[in-house]
Amino acid sequence: MKVDSIVNGIVIDHIAAGKAMTLYRLLELDKLDCPVAVIQNAPSEFMGKKDIIKIDSDVDVNLDVIGYVSPNVTVNIIRNEEIVEKKHLSLPRKLTNIIRCKNPRCITTTEQGIDHIFMLRGEDRNEYRCYYCDAKP
Amino acid sequence: MRNLINILDLSVEEIAELISVADDIIANPAKYRHVCDDKILATLFFEPSTRTRLSFESAMLNLGGKVLGFSDANSSSSTKGESVADTVAVVSGYADIIAMRHPKEGAPMVAAMHSTIPVINAGDGGHYHPTQTLTDLLTIHHEKGRFDNLVIGLCGDLKFGRTVHSLIEAMSRYSGIRFVLISPEELKLPSFVKQEYIKDKNIDYVQSTSLEDVIGELDILYMTRVQRERFFNEEDYLRLKDSYILDKAKMEKAKADMIVLHPLPRVNEISTEVDDDPRACYFRQAHYGKFIRMALIMKLLEVKA
């Protein structure tokens with residue numbers, strides 16, 4: 001399968017297989033009017049299978065969303081068909097308005113205009129907790 | 001500006017300092033009678049409470065300050081849909097310090113984010129209740145004389161019992177602590193409390209469903225009420241409400257110097273026949289609450305005697 005290389009844009013590589021569409025939705029890539037390629041189950045030497053997203057435009061993407069959905073992702077910034085920057089992502093320390101708290105007793109269920117914040121706790125366990133009520137996502 | 005949302009907002013040294021001030025207030029109340037003469041405490045109680053609110057109000061009045069507020073969400077603008085953020089933004093202009101109770105977990109945190117005056121969490125849902133924990137610590141200090149090398153039994157509703165969560169967090173910072181967690185399966189300690197404050201700190205603990213089996217090894221027995229207001233389902237409440245009842249027969253199996261604490265109010269989980277036992281500390285515990293809240297208000301308002 002061949003997908004054209006991009007001139008100026010972003011390649012999100014090493015996405016865990018099966019996570020590309022989740023990222024596509026959370027990054028709201030459907031709202032872009034530039035070419036976006038989603039490649040699923042591409043062969044990978046280290047991962048076996050991986051997903052890739054190519055965005056043929058110089059847009060801002062929320063790196064926290066990417067790090068949360070699929071840690072260990074590589075984000076390549078492309079200029080004139082060359083990789084000018086390579087970002088290796090890990091789990092972000094703080095998630096703001098990416099996921100919502102499901103605890104029915106949490107203040108976020110009733111308070112208007114409040115940011116939904118999750119903090120990474122117990123880093124060896126890679127676990128997020130609601131900033132307000134400590135519930136898991 | 002300091003707030004008290006979680007007991008861990010205070011260091012072990014600050015807790016020792018608060019206990020020292022509380023001791024001095026008990027010994028020399030006259031010295032503190034006017035330290036807050038020009039200060040106002042706002043008690044924003046979006047959930048009914050008797051002793052916590054009265055304890056806060058009595059604490060401020062004993063410091064010479066004044067009190068305003070509401071004791072029920074129905075008498076506040078929250079019934080009109082006003083947010084916590086807006087409420088505290090307004091109250092910040094009317095008072096010098098806020099004590100807030102709210103049924104929603106994390107509400108005092110939201111209040112602190114939008115307030116220009118110190119906010120004290122006076123209980124948020126089944127989450128935290130740090131001033132009860134300060135009360136518990138002052139009681140333990142007076143009744144046991146130490147915070148280390150204690151076997152602490154926590155009995156009843158460990159899932160929604162916010163006083164239990166805060167006490168475990170506080171005691172997990174002292175050495176030689178062993179927790180005995182006594183509850184029915186449905187009301188076990190939430191995983192985040194067990195993981196972060198017991199397992200991650202390699203603190204010795206055991207879980208049991210029988211109070212009788214473990215009461216003999218305890219230095220402190222912390223009893224809690226199964227709280228009707230935390231259940232969405234009345235059937236679950238009725239099934240679990242009588243899980244543990246402390247009576248004279250069980251007390252006979254306990255150490256001679258064990259102390260029984262309870263954040264109150266009790267329903268029937270401690271039989272009244274236990275009240276005369278010198279090991280029953282819960283009414284003395286309630287009295288200590290006023291003194292430690294006086295010390296806390298002074299600390300957050302940065303006033304000294």
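Chain letters run A, B, ... following the sequence lines, proteins first and then strands; every chain starts at 1.
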Handout entry: A/R129 versus B/S191, closest heavy-atom pair with distance
Key = NH2-OG, 4.0 Å
Problem - Residue-level contacts of residues 41-48 of chain A with chain B, using a heavy-atom cutoff under 4.5 Å - result: none
Handout entry: Worked check of side-chain contact (heavy atoms from CB on, under 4.5 Å) between A/Y132 and B/H127
Key = CA-CA 10 Å; A/Y132 306 98; B/H127 195 214; over 6 Å; no
Completion exercise
Closest non-hydrogen contact found for B/M109 with A/Y131 is CE-O, 3.6 Å
Practice task
Taking side chain to side chain donor-acceptor pair (under 3.5 Å) as the test, write out the residues that go with A/D51, two or more places apart.
Solution key: none
Exercise for the section: State, without any angle test, whether A/D134 and B/Y128 hold a side-chain donor-acceptor pair at a distance under 3.5 Å. Expected result: yes
Handout entry: Enclosure of A/R79 CZ (heavy-atom neighbours >12, cutoff 6.0 Å)
Key = yes
Exercise for the section: Looking only at non-hydrogen atoms, find the nearest pair between A/P104 and B/K104 and report the distance. Expected result: O-NZ, 2.8 Å
Exercise for the section: Check the surroundings of atom NZ in A/K19: do more than 12 heavy atoms from other residues, nucleotides or ligands lie under 6.0 Å from it? Expected result: no
Completion exercise
Expected contact set for residues 60-68 of chain A against chain B at heavy-atom separation under 4.5 Å reads none
Completion exercise
By residue number, those in residues 108-119 of chain A with heavy atoms under 4.5 Å from heavy atoms of chain B are A/T109, A/T110, A/E111, A/I114
Problem - Stepwise side-chain contact (heavy atoms from CB on, under 4.5 Å) check, B/E105 with A/N103 - result: CA-CA 9 Å; B/E105 298 173 6; A/N103 175 8; 3.0 Å; yes
Exercise for the section: Kindly check if the number of other-residue, nucleotide or ligand heavy atoms within 6.0 Å of NZ (A/K49) is above 12? Expected result: no
